[in-house]
Amino acid sequence: MSAANVQKLCETTREKLKSVIGKMELFLNQHALPQLATEEDEETLLFYQGFLSDLRHLLVFSEMSYEKLGVALRRATFDEAFAQKALYNVYHFGVNNFFYPKNESYSEDGRYAYTGQDAIRFRKKPVRPARDIIMDITKVYEELRDDLSYYENDYLTEKRMQNQV
């Protein structure tokens, strides 16, 4: 991948992260556990505790990646290795944490991914705002996953091969 392509990928990735960061911040600033867990059973409470925890972690990972990409793009001389590492981290800490949240309040069902239907399935039926935030940012994380698929395996394989030579 050429330095110009990496730089362009950094720019588009940063813009996509900026949009999801804004949406997640707005949601988290407007919604707290008591607003979401209106049913007072323990299962519902645990579901929303996990949901909010996963969303907060995703926000932090996305913000850190946004900042690192900004550093890469602001340097006087574009450091391709630094940028590649930042893109790798977007994939492994942002995209993976979106699609595989620790508390598993939702997951992606691959059977629906290419049917035009929503591929995200919730473990428990969420209140509308919780559902909406995940559905709203899903498309961006799908785009990031497609854009950064190189960083899933190929990037590390290439790095290992370079170190062996």
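Position 1 is the first residue of the sequence, and the numbers go up from there.
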S.K.: For the pair R145 and E108, find out whether any cationic side-chain nitrogen is under 4.0 Å from an anionic carboxylate oxygen.
M.R.: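 Salt bridge flag = yes for E108 with R145.
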
S.K.: With side-chain contact (heavy atoms from CB on, under 4.5 Å) as the criterion, how do V90 and F61 come out once you've worked through the C-alpha distance, each side chain's angles and the decisive distance to 0.1 Å?
M.R.: CA-CA 8 Å; V90 171; F61 290 134; over 6 Å; no

S.K.: Working note: S62 + Y141, criterion side chain to side chain donor-acceptor pair (under 3.5 Å); need CA distance, chi angles, decisive distance, verdict.
M.R.: CA-CA 11 Å; S62 297; Y141 281 101; 2.7 Å; yes

S.K.: Taking the basic N atoms (NZ, or NE/NH1/NH2) and the acidic carboxylate oxygens, is any pair closer than 4.0 Å for D54 and K102?
M.R.: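 Between K102 and D54 there is no salt bridge, as every charged N stays at least 4.0 Å from the carboxylate O atoms.
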
S.K.: Between L45 and D41, does the side-chain contact (heavy atoms from CB on, under 4.5 Å) criterion hold? Intermediate values first, please.
M.R.: CA-CA 6 Å; L45 192 60; D41 64 284; over 6 Å; no

S.K.: Assess, by modelled atom type and distance only, whether the side chains of Q84 and Y151 contain a donor and an acceptor separated by less than 3.5 Å.
M.R.: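 Present: a donor and an acceptor within the cut-off.
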
S.K.: Quick check: closest heavy atoms across R14 and Y66, and the distance to 0.1 Å?
M.R.: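 Closest heavy-atom pair between R14 and Y66: NE-O, 3.1 Å.
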
S.K.: Just how far is it from atom CD1 of I120 to atom OG1 of T138, taken to the nearest 0.5 Å?
M.R.: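 That separation rounds to 4.0 Å.
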
S.K.: List the atom of L58, the atom of G94, and the distance in Å for their closest heavy-atom pair.
M.R.: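 Looking at all heavy atoms of both residues, the closest pair is CD1-O, 3.4 Å.
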
S.K.: Are V60 and R56 packed together at the side-chain level, in the sense that at least one heavy-atom pair is separated by less than 4.5 angstrom?
M.R.: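 V60 vs R56: side chains apart.
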
S.K.: Mind running side-chain contact (heavy atoms from CB on, under 4.5 Å) on Y88 and L148 for me, showing each step along the way?
M.R.: CA-CA 8 Å; Y88 170 85; L148 302 174; over 6 Å; no

S.K.: Using the rule that two of Ile, Leu, Val, Met, Phe, Trp, Tyr join whenever any of their side-chain heavy atoms come within less than 4.5 Å, decide whether M24 and L33 are in one cluster.
M.R.: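 Per the 4.5 Å side-chain linkage, M24 and L33 are co-clustered.
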
S.K.: About how many Å separate CG of L28 and CG of L55, when rounded to the nearest 0.5 Å?
M.R.: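 Rounded to the nearest 0.5 Å, the CG-CG separation comes out at 4.5 Å.
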
S.K.: Enter the distance from T44:OG1 to Q49:CD here, rounded to the nearest 0.5 Å.
M.R.: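 Here the interatomic distance stands at 11.0 Å.
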
S.K.: Hey, could you give me the CG/NE2 distance between N103 and H57, rounded to the nearest 0.5 Å?
M.R.: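 Here the rounded value is 8.5 Å.
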
S.K.: Treat each ILVMFWY residue as a node, draw an edge where side-chain heavy atoms are under 4.5 Å apart, and state whether F93 and Y150 are in one component.
M.R.: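 No.
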
S.K.: Starting at CG of N97, measure out to CG of L59 and round the result to the nearest 0.5 Å.
M.R.: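 Those atoms lie 12.0 Å apart.
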
S.K.: Looking at H31, I want to see if its NE2 is surrounded by more than 12 non-hydrogen atoms of other residues, nucleotides or ligands under 6.0 Å.
M.R.: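 For H31, atom NE2 is crowded (more than 12 foreign heavy atoms under 6.0 Å).
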
S.K.: How many angstroms lie between CG in D132 and NZ in K23, if you round to the nearest 0.5 Å?
M.R.: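 Those atoms lie 11.5 Å apart.
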
S.K.: Check the orientation of F51 and Y106. Use parallel for under 30°, tilted for 30 to 60°, and perpendicular for over 60°.
M.R.: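 Judged by the thresholds at 30° and 60°, the geometry between F51 and Y106 is perpendicular.
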
S.K.: Under 6.0 Å from the CD atom of Q30, do we count more than 12 heavy atoms belonging to anything else shown?
M.R.: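 More than 12 within 6.0 Å, yes.
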
S.K.: Decide side-chain contact (heavy atoms from CB on, under 4.5 Å) for F99 and E142; before the verdict, give the C-alpha distance in whole Å, the side-chain angles of both, and the deciding distance to 0.1 Å.
M.R.: CA-CA 9 Å; F99 287 104; E142 286 173 345; 3.7 Å; yes

S.K.: Which pair of non-hydrogen atoms, one from L73 and one from F78, has the smallest distance, and what is that distance?
M.R.: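 Residues L73 and F78, closest heavy atoms: CD2-CE1, 4.3 Å.
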
S.K.: Any non-hydrogen side-chain atom of L69 less than 4.5 Å from a side-chain atom of L87?
M.R.: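 Yes, at least one pair of side-chain atoms sits under 4.5 Å.
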
S.K.: Are any of the side-chain nitrogens in K16 or E143 under 4.0 Å away from the carboxylate oxygens of its partner?
M.R.: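 Result for this pair is yes, salt bridge flagged.
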
S.K.: Considering all heavy atoms of both residues, which atom of F47 and which atom of R123 are nearest to each other, and what is their separation?
M.R.: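 Smallest interatomic distance, heavy atoms only, reads CA-NH2, 3.5 Å.
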
S.K.: Compare every heavy atom of Y48 with every heavy atom of P126, then report the nearest pair and how far apart it is.
M.R.: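 The answer is CA-OH, 3.1 Å.
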
S.K.: Do Y91 and L144 have side chains that approach each other closer than 4.5 Å (heavy atoms only, starting at C-beta)?
M.R.: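 No - every pair of side-chain heavy atoms lies 4.5 Å or more apart.
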
S.K.: If you take all heavy atoms of F27 and P129, which pair is closest and at what distance?
M.R.: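 In this case the closest contact between F27 and P129 is CE1-O, 3.4 Å.
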
S.K.: Membership question, hydrophobic clusters at under 4.5 Å side-chain separation (ILVMFWY): are L26 and L52 in the same one?
M.R.: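 The answer is no; the residues belong to distinct hydrophobic clusters.
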
